[in-house]
Asks: 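So that we are looking at the same thing, I have put the structure below in structure tokens.
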Amino acid sequence: TRDLERLAGLVERIGEGELGVTLPDSGGRDEVAVLARALNRASRKLGDAKEALAAQQAHLVETEKLAAIGSLASGLAHEVANPVGGAMNCLQRLGRPDLTDEKRETYRQLALDATERAATVLKGLLHLARGASFPGHTQQEETTVASVLEQPARMASVGSQVPVELTSSDPLSVTWPRAPVEQILTNLLLNAARAATSRVAVSWQRQGADVLI
């Protein structure tokens, strides 16, 4: 029964995941030797299939990494391009000789805010890469909806062919993480200002426990 025990051991090893393992070929022609050769062939094929599967999985992982990097780069470019574009518009307007001191100071402050916003996006990415939360992005702050919308609306108006207007007067207060909310609203209003043909109107109202902007 020694040959049968060796065959049983081979089957157990294959069952435990040792694909590709084989027994020495005795060269015999009896049923046990024929069965051993058949098991060896099956084990080698399973081993080859395992290696091929591992190679495919590695390729898929690399493909997913590239896709993730592409998605991240696209999102990052959008998040940085919006405030940088706004800052460039403000700086271009600062070169006009007919600006009043008040307008000049407004454009200067908007350009500064936009560059700080772009820097905040990059800092957030660095914190994400380190696996740390970004300070301020989860801090809850009670503010009025209007106060959070004012700066994004001014930024979207600069360099736009259409006005961006806050059409609500409701002094509605909410508690939210102000920095990421302002970032989202700035992106939305900049996109809206580029797409609009007449104006961008921003209003807000309470809907139960929610606020609709």
Side-chain angles (χ1 to χ4, degrees), residues 70-130 132-206 210-213:
S71 177
L72 176 62
S74 175
L76 179 62
H78 180 75
E79 290 290 325
V80 173
N82 272 338
V84 169
M88 288 176 63
N89 288 330
C90 292
L91 293 174
Q92 287 171 355
R93 294 200 172 203
L94 283 174
R96 290 169 48 179
D98 59 337
L99 281 182
T100 64
D101 290 342
E102 182 180 1
K103 279 286 187 182
R104 193 175 299 277
E105 175 59 23
T106 297
Y107 289 144
R108 187 195 70 82
Q109 189 60 49
L110 284 173
L112 181 61
D113 290 344
T115 52
E116 287 179 350
R117 195 181 304 279
T120 298
V121 171
L122 295 175
K123 288 178 183 176
L125 179 65
L126 290 175
H127 277 77
L128 177 65
R130 299 189 187 110
S133 60
F134 186 50
H137 267 225
T138 57
Q139 182 177 355
Q140 300 293 315
E141 180 180 349
E142 184 177 358
T143 61
T144 63
V145 176
S147 67
V148 175
L149 278 164
E150 286 172 357
Q151 193 77 346
R154 284 200 297 268
M155 178 65 67
S157 295
V158 175
S160 171
Q161 302 300 316
V162 299
V164 179
E165 303 170 356
L166 304 184
T167 61
S168 291
S169 58
D170 189 347
L172 183 60
S173 292
V174 291
T175 300
W176 50 12
R178 178 164 184 157
V181 169
E182 278 192 346
Q183 181 180 332
I184 292 168
L185 292 173
T186 299
N187 284 335
L188 289 173
L189 292 184
L190 284 168
N191 290 341
R194 294 190 187 104
T197 56
S198 57
R199 70 170 184 149
V200 176
V202 189
S203 63
W204 56 92
Q205 64 189 54
R206 185 183 299 279
D210 299 324
V211 174
L212 175 66
I213 298 176

Asks: Taking C-beta and beyond as the side chain, do Pro177 and Glu141 meet within less than 4.5 Å on heavy atoms?
Replies: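 Answer no - side chains too far apart.
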
Asks: Check this for me: Arg206, atom CZ, are more than 12 non-hydrogen atoms of other residues, nucleotides or ligands nearer than 6.0 Å?
Replies: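 Atom CZ in Arg206 is not packed in, count stays at 12 or less.
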
Asks: Once you round to the nearest 0.5 Å, how far does CG of Asp101 lie from CZ of Arg108?
Replies: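 The CG atom of Asp101 sits 12.0 Å away from the CZ atom of Arg108.
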
Asks: Locate the shortest heavy-atom distance separating Leu99 from Leu94; write the atom from each residue and the value.
Replies: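 The answer is CD1-CA, 3.7 Å.
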
Asks: Could you note down all residue pairs passing salt bridge (charged side-chain N to carboxylate O under 4.0 Å, His left out) where residues 185-200 supplies at least one of them, sequence neighbours left out?
Replies: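 Only Glu165-Arg199 qualify under salt bridge (charged side-chain N to carboxylate O under 4.0 Å, His left out).
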
Asks: What residue pairs, at least two apart or across chains, pass salt bridge (charged side-chain N to carboxylate O under 4.0 Å, His left out) with a residue in residues 86-100?
Replies: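 As it turns out, the salt bridge (charged side-chain N to carboxylate O under 4.0 Å, His left out) pairs with a partner in residues 86-100, which skip direct neighbours, are Arg96-Asp98.
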
Asks: Please identify each residue that fulfils side chain to side chain contact (heavy atoms under 4.5 Å, CB included) with Thr115, with sequence neighbours left out.
Replies: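 Thr115 satisfies side chain to side chain contact (heavy atoms under 4.5 Å, CB included) with Ala87, Leu112 once adjacent residues are dropped.
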
Asks: Which residues satisfy the side chain to side chain contact (heavy atoms under 4.5 Å, CB included) test with Asn187, sequence neighbours excluded?
Replies: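 Here the qualifying residues are His78, Glu79, Asn82, Gln183.
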
Asks: So, taking the atom named CG in Leu122 and the one named CZ in Arg117, what distance separates them when rounded to the nearest 0.5 Å?
Replies: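 If I round to the nearest 0.5 Å, the distance is 13.5 Å.
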
Asks: Which distance, rounded to the nearest 0.5 Å, do you find between the CD of Gln205 and the CG of Leu212?
Replies: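 Between atom CD of Gln205 and atom CG of Leu212 there are 5.5 Å.
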
Asks: What distance separates Ile213 CD1 from Leu188 CG, expressed to the nearest 0.5 Å?
Replies: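 Rounded to the nearest 0.5 Å, the CD1-CG separation comes to 9.0 Å.
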
Asks: Could you tell me which non-hydrogen atom of Ala111 sits nearest to which non-hydrogen atom of Leu91, and how far apart they are?
Replies: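 Looking at all heavy atoms of both residues, the shortest contact is CB-CD2, 4.1 Å.
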
Asks: Report the residues that fulfil side chain to side chain contact (heavy atoms under 4.5 Å, CB included) with Ala156, sequence neighbours left out, ordered by chain and then residue number.
Replies: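 With sequence neighbours excluded, Ala156 shows a side chain to side chain contact (heavy atoms under 4.5 Å, CB included) to Val164, Leu189, Leu190, Ala193, given in chain and number order.
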
Asks: Show the nearest heavy-atom pair for residues Thr167 and Ala201, with the distance to one decimal.
Replies: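 Of all heavy-atom pairs spanning Thr167 and Ala201, the closest is CG2-CB, 3.8 Å.
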
Asks: Name all residues meeting the side chain to side chain contact (heavy atoms under 4.5 Å, CB included) criterion together with Leu166; count only those two or more places apart in sequence or in a different chain, and write none if there are none.
Replies: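 Applying side chain to side chain contact (heavy atoms under 4.5 Å, CB included) to Leu166 gives Leu149, Glu150, Ala153, Val202, Trp204.
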
Asks: Let's go through Ser147 and Arg178 carefully: what are the C-alpha distance in whole Å and the side-chain angles of both, what is the deciding distance for side-chain contact (heavy atoms from CB on, under 4.5 Å) to 0.1 Å, and is it a yes or a no?
Replies: CA-CA 10 Å; Ser147 67; Arg178 178 164 184 157; 4.0 Å; yes

Asks: Provide the closest heavy-atom pair for Trp176 versus Thr144 in the form atom of the first, atom of the second, distance.
Replies: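 Here Trp176 and Thr144 meet closest at CZ2-O, 4.4 Å.
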
Asks: Compare every heavy atom of Gly86 with every heavy atom of Met155, then report the nearest pair and how far apart it is.
Replies: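 Reported closest heavy-atom pair: SD-CA, 3.6 Å.
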
